[in-house]
Amino acid sequence: MPRNTNATNTTSSYGWVERAFHWAIALLIVTALVLSKVAEEIGTGTDAELAQKVWVYSFHKTIGVSVFFVAVGRILWAVSQPRPRPLHQGWEAQLAAVVHWMLYSSLVLVPLLGWTAHAASSGFAEIWWPFGQGLPGIPKSAELSETLFGLHTVFVILLLGSLILHILGAMKHAVLDRDQTFARMWNGTDPGALAGDRGHALPFVGAMMIWGLTLSVGLFLIPGEEQAGASESAQADVPSVAAEAADSNWTVEEGTLSITVTQLGSPVTGSFKDWQANIDFDETPRADGTNGTVEVSVATGSLTLGSVTGQATGEEFLAAGQFPTALYAAVIRPDGDGYIADGRLSLRGADVALQIPFTLAFEGDTATMAGQAALDRRDFGMGETYPDESSVGFGVKLDIELTAVRTQ
């Protein structure tokens, strides 16, 4: 049977460019899936393991970006070429078209969601290319990164389902039908003139419904069981702070409590989702020279720190299972043009003095606060198996931003 050795397609066969795109994407997808599984299995108990985990994740992300560009290239090439007609008509052709729509969309959405999730996070397992780690229009946000990564994971399932159906279809044609469907994509076999097929909107509509269902399921599952459990544990540990709310004359409307650590020489930033602040503050110093007090309760298990969230909240570092709550209590004093919170941080069974300089900007009964502090993980017995800074830095940068409204 003749073969198409040209670059372009015909109405009955695929040219070598389309075939090259097809098999390149197949190889890249398998590689990316294997790398993801391997990276998940690598522990983080030693410097060597952590370095290996980062290397595999970087490889996975780089392959993922490659899949995106190759998939886009294939789609652009396909729309510029004649579409080879299917060897079968009717329901089988319609079902195959639905699977192809799902597959094409997944090949773009899965790597794009992973890429944007990476861009919204910071540090850890960089993409191996010279064009930076960010993306235009994608802010650095642990919450956004978490959502995008969750959707990435859900759409991977859709991609896997589409691949399985695609492979089963190819096997059916090769083993049961014994036709040239597989051979057309393998070596360019040309089965000759084929009956024309009419275009149908039904496959696209069917694929759209599946996309919508997948997106709905993904958004419903995010933040997922683990984070929901962390939230519940946080709420269970905060009653003592809530009980003292009568002493607070400010209510926090919104805010961010974030930390930045250094892993393998790169900064990684994350934030805590669940925390409460009890603020008793007056702009005019009181008789004792202070401006008031602040008490903060933080659910340690609510930290999101990119790909190393599990490590950060695990036994080696925050040990959120054993120490679910961190407490900070301080008095507030004037400090030049700003203020300073002078108190102690109880975290992971340790009690350490901590001063947090901060600024306040007032607009009526609304105040905007911004503060920073530096911590050392060794003061809290964290990362004892990482005795130097080759993998995990000693320093932890704490950033606090919040907006509060006067209630009394």
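The figures that follow rest on heavy atoms only: side chains count, while hydrogens, waters and symmetry mates do not. All residue numbers refer to positions in the sequence shown, counting from 1.
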Table please: side-chain donor-acceptor pairs of residues 21-28 below 3.5 Å, with sequence neighbours left out.
{"from": "Trp23", "atom 1": "NE1", "to": "Met185", "atom 2": "O", "distance (Å)": "3.0"}

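- Phe317 pairs by the ring pair (Phe, Tyr, Trp, His ring centres under 6.0 Å) definition with Tyr386, not counting sequence neighbours.
- In this structure, Tyr104 and Val108 have side chains that are not in contact, with every pair of non-hydrogen atoms separated by 4.5 Å or more.
- Applying the salt bridge (charged side-chain N to carboxylate O under 4.0 Å, His left out) rule to Asp280 yields the partners Arg286; only residues at least two apart in sequence or on another chain are considered.
- Under the rule for a ring pair (Phe, Tyr, Trp, His ring centres under 6.0 Å), the partners of His173 that lie at least two apart in sequence or sit in another chain are His88.
- Partners of Asp337 according to the side-chain contact (heavy atoms from CB on, under 4.5 Å) rule, which considers only residues two or more places apart in sequence or in another chain, do not exist here.
- Between Pro86 and Arg184, the shortest heavy-atom distance links the atoms CA-NH2, 4.1 Å.
- Taken to the nearest 0.5 Å, the CG atom of Leu402 stands 9.5 Å off from the CG atom of Leu257.
- Evaluation of the side-chain hydrogen bond (donor to acceptor under 3.5 Å, both in side chains) rule for Gln180 yields no partner, not counting sequence neighbours.
- In terms of modelled atom types and a separation under 3.5 Å, the side chain of Ser391 and the main chain of Leu264 share no donor-acceptor contact.
- Put simply, the side chain of Leu398 reaches to within 4.5 Å of the side chain of Ile259, judged on heavy atoms.
- With Ser80 contributing its side chain and Trp77 its backbone, the two residues share a donor-acceptor pair below 3.5 Å.
- Summarising the geometry of Val67 relative to Leu107, their closest heavy-atom pair is CG1-O, 3.8 Å, with the distance given to 0.1 Å.
- Within the 3.5 Å criterion, the main-chain N or O of Thr407 finds no donor-acceptor partner in the side chain of Asn249.
- A salt bridge does not link Lys53 to Glu49: none of the charged side-chain nitrogens sits closer than 4.0 Å to a carboxylate oxygen.
- Under the side-chain contact (heavy atoms from CB on, under 4.5 Å) criterion, Val99 pairs with Leu165, His166, not counting sequence neighbours.
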Listed pairs under 3.5 Å, donor-acceptor, residues 352-372 side chains, sequence neighbours left out:
{"from": "Gln355", "atom 1": "NE2", "to": "Asp342", "atom 2": "OD2", "distance (Å)": "3.4"}
{"from": "Asp365", "atom 1": "OD1", "to": "Arg406", "atom 2": "NE", "distance (Å)": "3.1"}
{"from": "Gln372", "atom 1": "NE2", "to": "Asp399", "atom 2": "OD1", "distance (Å)": "2.6"}

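- Taking the six-membered ring for Trp, Trp115 and Phe69 have ring centres closer than 6.0 Å.
- Checking side-chain atoms of His152 against main-chain N and O of Leu148 turns up no donor-acceptor pair under 3.5 Å.
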Start with the C-alpha gap between Tyr57 and Glu40, add the side-chain angles, then the distance that decides, and say whether side-chain contact (heavy atoms from CB on, under 4.5 Å) holds.
CA-CA 9 Å; Tyr57 265 124; Glu40 290 176 3; 3.9 Å; yes
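- Minimum heavy-atom separation, Asn291 to Pro285: ND2-N, 3.7 Å.
- Atom-to-atom distance recorded for His100:NE2 and Leu95:CG is 10.5 Å, nearest 0.5 angstrom.
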Start with the C-alpha gap between Ile29 and Val110, add the side-chain angles, then the distance that decides, and say whether side-chain contact (heavy atoms from CB on, under 4.5 Å) holds.
CA-CA 10 Å; Ile29 285 294; Val110 168; over 6 Å; no
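- The two atoms that bring Val294 and Val296 nearest to each other are CG2-CG2, 4.0 Å, heavy atoms only.
- To the nearest 0.5 Å, atoms CG (Leu160) and CG (Leu163) are separated by 6.5 Å.
- Residues Glu316 and Gln311 form no side-chain contact, since every pair of their non-hydrogen atoms from C-beta on lies 4.5 Å or further apart.
- Phe323 pairs by the side-chain contact (heavy atoms from CB on, under 4.5 Å) definition with Ala319, Arg348, not counting sequence neighbours.
- Annotation: the span from Leu305 atom CG to Ser258 atom OG amounts to 10.5 Å, rounded to 0.5 Å.
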Go through the steps for Thr262 and Glu389 under the test side chain to side chain donor-acceptor pair (under 3.5 Å), then give the verdict.
CA-CA 8 Å; Thr262 301; Glu389 298 186 278; over 6 Å; no
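- Closest non-hydrogen pair, Ile63 versus Ala32, comes out as CG2-CB, 3.7 Å.
- Put simply, the side chain of Ile400 does not reach to within 4.5 Å of the side chain of Thr256, judged on heavy atoms.
- No donor-acceptor pair closer than 3.5 Å links the side chain of Arg333 to the backbone N or O of Gly289.
- Looking at heavy atoms from C-beta onward, Leu158 lies out of side-chain contact with Val154 at the 4.5 angstrom threshold.
- Taking the side chain as every heavy atom from C-beta outward, Thr313 and Thr300 never approach each other to under 4.5 Å.
- Judged by distance alone, with hydrogens and angles left aside, the side-chain atoms of Lys61 form a donor-acceptor pair with the main-chain N or O of Ala125 at under 3.5 Å.
- Counting only distance, with no hydrogens or angles, the side chain of Ser145 and the backbone of Ser141 share no donor-acceptor pair below 3.5 Å.
- Here the straight-line distance linking atom CD of Glu295 with atom CD1 of Ile279 works out to 11.0 Å at 0.5 Å rounding.
- Here Phe131 pairs with Trp129 under the side-chain contact (heavy atoms from CB on, under 4.5 Å) rule; sequence neighbours left out.
- Side-chain atoms of Leu347 and Leu318, non-hydrogen and from C-beta on, do get closer than 4.5 Å to each other.
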Would you check, one step at a time, whether the test side chain to side chain donor-acceptor pair (under 3.5 Å) holds for Thr8 with Asn6?
CA-CA 5 Å; Thr8 55; Asn6 297 322; 5.2 Å; no
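- Residue pairs meeting the ring-ring contact (aromatic ring centres under 6.0 Å, His included) criterion with at least one partner in residues 387-408, sequence neighbours excluded, do not occur; the list is empty.
- The neighbour count for Lys37 NZ, taken as heavy atoms of other residues, nucleotides or ligands under 6.0 Å away, does not exceed 12.
- Of the possible donor and acceptor atoms, one in the side chain of Ser58 sits under 3.5 Å from a partner among the backbone N and O of Glu126.
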Might you work through the side chain to side chain donor-acceptor pair (under 3.5 Å) test for Thr284 and Asp282, ending with a clear yes or no?
CA-CA 5 Å; Thr284 302; Asp282 293 319; over 6 Å; no
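- Note that CD1 of Ile332 is 8.5 Å distant from OG1 of Thr290, once rounded to the nearest 0.5 Å.
- Under the 4.5 Å side-chain criterion, counting only non-hydrogen atoms from C-beta, Glu92 is in contact with Asp177.
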Show your reasoning for whether side-chain contact (heavy atoms from CB on, under 4.5 Å) applies to Ile127 and Gln133.
CA-CA 7 Å; Ile127 299 170; Gln133 304 301 310; 3.7 Å; yes
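- Partners of Ser13 under the side-chain hydrogen bond (donor to acceptor under 3.5 Å, both in side chains) rule, at least two apart in sequence or in another chain, are Asn4, Thr10.
- Side chain of Trp250 to backbone of Phe281: a donor-acceptor contact under 3.5 angstrom is found.
- The two residues Gln81 and Asn9 come nearest to each other via the heavy atoms OE1-N, 2.9 Å.
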